[in-house]
Amino acid sequence: MWMNLYNFTHNSLGMHFWELPALLAGVITLVELVVHSHKQKKREKKFDEERTERLETMQKEAVGDAATVNG
């Protein structure tokens, strides 16, 4: 059975027996990398938005506290 598969891939497809699993592993790795990068960019964007909101809130509170102390 393995010899038939070897002969088929080597003679019909013109590649070595191990190239098909290696190609499949490479494609899966590439897809994982693309998906991870996309999700990471979304997480960073959400984090930046939340950070900006928190900084604005802190600045408003600081300005309000300074106004009550000086006033």
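Heads up: numbering here begins at 1 and tracks the sequence.
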> Output a table of donor-acceptor pairs, distance under 3.5 Å, between side-chain atoms of residues 19-31 and any protein atom two or more places apart or on a different chain; print 'none' if there are none.
unit_1: Glu19; atom_1: OE1; unit_2: His16; atom_2: N; d: 3.3
unit_1: Thr29; atom_1: OG1; unit_2: Ala25; atom_2: O; d: 2.8

> Listed by chain and number, what are the salt bridge (charged side-chain N to carboxylate O under 4.0 Å, His left out) partners of Arg43, not counting sequence neighbours?
none
> May I have the step-by-step check of salt bridge (Lys or Arg N to Asp or Glu O under 4.0 Å) for Asp48 and Arg51, ending in yes or no?
CA-CA 5 Å; Asp48 285 341; Arg51 182 178 53 105; 3.3 Å; yes
> Under the criterion side-chain contact (heavy atoms from CB on, under 4.5 Å), which of Glu50, Glu49, Glu56 is the partner of Thr52?
Glu56
> Partners of Met3 by side chain to side chain contact (heavy atoms under 4.5 Å, CB included), sequence neighbours excluded?
Tyr6, Asn7
> Tell me every residue that passes side chain to side chain donor-acceptor pair (under 3.5 Å) with Arg54, counting only those two or more places apart in sequence or in another chain.
none
> Would you call Lys46 and Lys42 a side-chain contact if the rule is heavy atoms closer than 4.5 Å?
no
> With Asn4, which residues qualify under side chain to side chain donor-acceptor pair (under 3.5 Å), at least two apart?
none
